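Written out below as structure tokens is the structure these notes cover.
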Amino acid sequence: MTDAGFSRGTGLPIVVDGDAGPCGGDDESLLAGLNPQQREAVTYRGPALLIVAGAGSGKTRVLTHRIAGLIGSREAWPSQILAITFTNKAASEMRERVEGLLGQASEGMWISTFHSACVRILRREAKQFGFTENFTIYDSGDSRALLKRIIKESEADTFGFTPASASAKISKLKNELEDYESYARSANRDDPAEQVFLQIFREYSRALRAANAFDFDDLIAQTVYLFRAFPRVAANYQRRFRHILVDEYQDTNHAQYSLIRELTKPVPPHLVAELKIDGLYVDGLTDAAGEIPGASLTVVGDSDQSIYAFRGADIRNITEFENDYPGARVVLLEQNYRSTQNILSAANSVISNNFDRKAKNLWTDSGDGEKIVGYTGYSGHDEAQFVADEIDALRRAGVPYNSMAVFYRTNSQTRALEEIFIRSAVPYRIMGGTKFYERAEIKDAMAYLITVANPADELAVRRILNTPKRGIGPATETQLRAFADDNNITFRDALRSASDLGLGPKVTAAITRLSELIDESAAMTDPENPAGVKPVSDILTHLLAGSGLLDALRNSRDPQDEARAENVEELVAVTKEFARNNPGGTLTDFLTEVSLVAAADELDDSTGTVSLMTLHTAKGLEFDAVFLTGVEEDLIPHRMSANEPGGLAEERRLFYVGITRARKRLYLSLAMTRAQFGDVNVAMPSRYLQEIPGELIDWRRSPGAANGRDGTMSRALNAKRPGFGSDRAIATAAGLSKPKTEWANKVTAQVRDNSGLELLPGDRVKHVDFGEGRVQEVTGEGAKRIAHVQFDSAGFKKLLIKIAPIEKL
DNA sequence: CGATTGTTTTTTTTT
DNA sequence: AAAACAATCG
């Protein structure tokens with residue numbers, strides 16, 4: 001993460017008509033193979049451009065060609081371009097593609113995520129408002145740890161505040177650019193719970209500042225505050241970025257929207273003069289009135305793929321774009337180059353159920369392709385087995401593993417999939433989930449590094465204080481905090497004075513040793529140090545050896561600690577890798593990179609593995625074959641979203657995003673029963689399933705068939721039958737009868753009810769699919785009685801007696 | 001202070 | 001089913 005090109009590259013951009021430039025970016029090669037709409041999106045020049053890009057319509061191509069065009073024609077220097085992507089992976093891909101088009105590296109281009117770009121700005125400007133460039137970035141776990149302490153100390157838990165709820169509320173406010181002061185003004189003074197929350201918010205903000213730390217939301221919000229409080233600072237960035245491009249604009253929140261608004265403001269003449277005094281290049285940029293006009297803004301998005309409302313994304317940012325930026329040009333990309341017509345028809349049909357959306361119809365000229373395959377498992381494991389078997393069949397048919405993906409709504413669904421995949425020898429990789437950097441032992445090791453980089457970060461210091469165990473308990477910790485308060489020093493500095501606290505000799509020695517270790521390591525980052533600045537891996541190795549963290553894990557009797565030790569060793573390997581890729585990279589650079597890795601960033605195309613990920617992580621990706629699992633009520637749409645306004649529409653968009661990731665083959669699967677919280681529940685097919693025309697789906701086993709009925713029920717699920725649920729079957733103006741959302745549930749609500757069936761070990765039973773078998777054991781009570789059956793040919797199964805298609809013989 | 005045992009809660013989605 | 005948490009004892 002170097003800042004190459006930031007302070008240079010301010011020379012005059014020479015615009016020469018008809019001059020293709022030396023870098024091969026001439027019009028013809030840039031526009032070859034693009035359709036007319038894409039061409040317009042690439043070549044349009046003006047203050048604002050909105051590209052409404054349906055799924056798979058080639059928007060990345062358009063964006064990269066647009067950037068390459070700007071640079072190739074010498075309309076802009078690379079350093080005048082700021083492109084915002086959704087993930088770091090998308091950013092590096094885009095950079096590679098642009099450089100590929102130009103035939104040369106273009107230093108100084110900023111292509112990054114909102115968060116990375118803001119960190120870069122904040123590190124540079126932190127000194128302006130009371131932070132240092134070594135600030136820590138708190139992830140959600142850190143925020144919650146801090147809030148937990150605050151809530152405990154303020155005894156706010158009696159008002160029902162949990163770290164999670166307070167964190168969610170604070171995050172929401174920050175995304176709306178409300179800070180403690182502004183919120184305190186508008187808050188209801190008479191509500192005691194509100195007062196308690198205000199206290200938490202104030203203390204949280206204070207603690208972050210004292211720790212020289214920003215949380216995720218701060219990264220954006222504080223950058224906006226910075227620009228608003230220091231117009232001179234803002235002017236520098238407004239001057240620098242002449243072309244701003246934002247991808248996935250439908251998922252921007254208010255803070256991100258405001259950031260873009262700030263960056264696209266013109267620089268007034270008096271600030272231009274100040275910039276000039278500082279020796280910055282301005283002359284070629286000013287207009288007749290002496291101001292630098294606002295940067296040109298290109299946004300790309302698709303409101304049908306907006307799936308982040310829960311974290312503040314405001315769909316209006318894109319729907320109101322033309323009002324925000326009068327005179328904006330709008331280009332629509334509707335031709336899809338990714339999926340088969342069958343997949344697109346399913347997607348179109350599903351999304352058309354969302355009202356208040358602009359009509360849009362994706363189409364392709366690449367043919368119908370395979371039908372969508374449907375499957376209903378008896379349990380999550382049965383479903384997973386189907387997926388594993390199908391993956392195996394595809395592999396044999398020549399589809400490489402890395403072009404297949406399995407999606408699910410919640411991370412907890414990975415458990416069943418993993419168990420079966422391991423058993424079936426399907427090589428897989430889980431994107432996101434419990435991330436490497438969220439593991440406790442990794443956070444411990446990272447806390448050592450953070451303490452060295454940013455001693456003000458009390459959270460990190462407290463974390464390592466007694467990790468590994470060195471006899472420093474809560475009582476000692478409290479004493480250290482009190483000592484720091486009394487002497488008006490930081491918690492870290494209190495460690496230096498351990499001998500003044502009158503603690504036991506053992507505890508004092510332990511604290512002193514820790515304090516020295518931190519100092520030794522800090523010296524390794526100091527450029528003044530004659531020994532020179534050491535790479536991050538050396539610092540980490542020194543900290544691990546000095547603290548005994550790794551040894552404690554290796555020598556532990558807990559069998560899991562062996563794996564933890566390996567994880568820590570893996571972290572050492574990561575630091576070495578970092579040093580190789582970033583010569584001269586500092587400790588802070590490393591910590592930044594680690595803080596901002598996203599789930600999709602881990603995707604490595606070269607590994608021959610199937611990718612497992614949530615539907616959210618899947619956004620922006622595509623695969624030849626996609627398995628969309630758990631297509632059930634309460635999962636998608638998720639139970640939690642049902643009561644939220646707009647929740648059902650957002651879940652539908654999520655389902656739509658999942659469908660449109662598939663290039664050639666799409667599998668939709670569900671289960672009749674789903675284990676959660678350790679017990680088994682009956683699951684219903686998702687209402688969205690009926691929004692797909694029945695003829696597009698080839699049911700290998702339909703929900704009806706899985707209920708133990710004959711095959712006719714499979715077609716019935718998706719057929720439109722007048723008179724069924726007729727109270728809702730009101731034809732719309734377009735003559736299309738709206739799908740009857742409750743219908744499938746009525747079908748499955750007629751589940752065979754075996755609750756009266758008494759089974760005892762030794763009984764013989766007959767199952768519709770598994771044939772005959774013998775009951776070995778019956779567990780559970782009432783509606784959740786489970787029969788453990790050894791089938792003669794199908795092997796051992798656990799069945800929920802109430803709904804299993806079995807009869808006693 | 002730290003280890004062990006028992007109890008409770010957790011599951012939306014993420015930078 | 002697993003993890004996080006609280007209580008208890010050495």
Side-chain angles (χ1 to χ4, degrees), chain A residues 84-91 112-119 137-141 143-145 148 152 162-164 167-168 171 174-175 214-221 248 251-253 255-256 306-313 380 407-416 419 431-435 437-440 466 468-477 503-504 506-507 510 556-558 560 592 595-601 613-619 630 634-644 647 650-651 653-655 657-658 674-681:
Chain A
I84 301 288
T85 58
F86 201 67
T87 63
N88 293 302
K89 178 169 187 278
S112 69
T113 63
F114 268 108
H115 290 85
S116 300
C118 287
V119 168
I137 301 164
Y138 279 6
D139 66 19
S140 19
S143 296
R144 247 177 286 132
K148 195 173 150 190
K152 208 167 179 179
T162 62
S167 164
S171 173
K174 287 187 176 180
N175 285 332
F214 295 107
D215 65 21
F216 273 138
D217 304 312
D218 279 339
L219 295 177
I220 316 290
E248 308 283 9
D251 281 323
T252 51
N253 60 36
Q256 291 165 334
S306 164
I307 55 174
Y308 280 105
F310 72 92
R311 72 174 199 210
F407 300 160
Y408 37 81
R409 174 70 234 271
T410 67
N411 282 304
S412 61
Q413 288 167 256
T414 54
R415 202 164 298 158
E419 276 174 36
M431 321 303 305
T434 310
K435 282 176 231 126
Y437 293 106
E438 282 169 17
R439 293 169 196 270
N466 198 31
K469 303 262 183 293
R470 41 172 84 89
I472 306 171
T476 312
E477 199 176 319
L503 297 161
K506 242 177 139 174
V507 177
S556 160
R557 278 182 295 116
D558 185 338
Q560 287 189 314
T592 302
S595 302
L596 300 178
V597 287
D601 295 339
M613 66 192 82
T614 64
L615 285 164
H616 283 87
T617 303
K619 190 174 79 155
D634 289 350
L635 230 37
I636 182 151
H638 196 276
R639 181 183 328 201
M640 296 291 166
S641 68
N643 299 324
E644 282 167 27
E650 173 142 327
E651 295 284 308
R653 290 194 292 269
L654 191 55
F655 189 54
V657 165
R674 176 88 38 198
Q676 102 183 310
F677 294 142
D679 57 15
V680 184
N681 292 300

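Letters go in sequence order (proteins before strands), and every chain restarts at 1. In what follows, every heavy atom counts, from backbone to side chain, and hydrogens, waters and symmetry copies are set aside. Keep in mind that what you see is a predicted model, and the values were worked out from it rather than measured.
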Within the structure shown, what part of the strands sits under 4.0 Å from [X] by heavy-atom distance: base, sugar-phosphate, or nothing?
X        : answer
A:Asp139 : nothing
A:Phe86  : nothing
A:Glu644 : base
A:Thr614 : sugar-phosphate

Taking only side-chain nitrogens and oxygens of [X], does any of them come within less than 4.0 Å of OP1 or OP2 of [N]?
X        : N      : answer
A:Asn411 : B:dT12 : no
A:Ser412 : B:dT12 : no
A:Asn253 : B:dT15 : no
A:Lys148 : C:dC5  : yes
A:Asn466 : B:dG2  : yes

Of the nucleotides B:dT11, B:dT13, B:dG2, which has the atom closest to the A:Arg409 side chain?
->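 Per side-chain heavy atoms of A:Arg409, the pick is B:dT13.
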From B:dT13, B:dT15, B:dT11, nucleotide with atom closest to A:Ser140 side chain =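 The closest nucleotide is B:dT15.
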Any strand: nucleotide that pairs with C:dG10 via Watson-Crick or wobble, under 3.5 Å |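 Result: B:dC1.
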Could you tell me which nucleotide pairs with B:dT13 by Watson-Crick or G-U wobble geometry, both distances under 3.5 Å, or answer none if nothing does?
->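 Pairing partner: none.
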Ignoring hydrogens and angles, state whether a donor on the side chain of A:Thr410 or A:Gln413 is under 3.5 Å from an acceptor on the partner side chain.
->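 Result is yes, a qualifying pair exists.
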Return the 5'-most residue of the pair A:Ala475, A:Ser595 with respect to DNA chain B, ranking by each residue's nearest nucleotide.
->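 The 5'-side residue here is A:Ala475.
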Earlier contact from the 5' end, DNA chain B, for A:His638 and A:Val507 =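 By nearest-heavy-atom nucleotide position, the 5'-most residue is A:Val507.
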To the nearest 0.5 Å, what is the distance between CG (A:Asp217) and CZ (A:Arg311)?
->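 With rounding to 0.5 Å, CG (A:Asp217) is 9.5 Å from CZ (A:Arg311).
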Do A:Asp251 and A:Lys619 sit within salt-bridge range, that is, some charged N less than 4.0 Å from a carboxylate O?
->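 A:Lys619 and A:Asp251: salt-bridged.
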Integer angstrom distance from the C1' of B:dT11 to that of C:dA6 =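 It works out to 23 Å between them.
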Start with the C-alpha distance between A:His638 and A:Phe310, add both sets of side-chain angles, then the distance that settles ring pair (Phe, Tyr, Trp, His ring centres under 6.0 Å), and finish with yes or no.
-> CA-CA 13 Å; A:His638 196 276; A:Phe310 72 92; over 10 Å; no
Parallel, tilted or perpendicular: rings of A:Phe86 and A:Tyr308 (30°, 60°) =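 A:Tyr308 vs A:Phe86 ring planes: tilted.
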Stacking check: are the rings of A:Tyr308 and B:dT13 less than 5.5 Å apart at their centres and under 30 degrees in tilt?
->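 No, A:Tyr308 does not stack on the base of B:dT13, since the centre distance and plane angle fail the 5.5 Å and 30° test.
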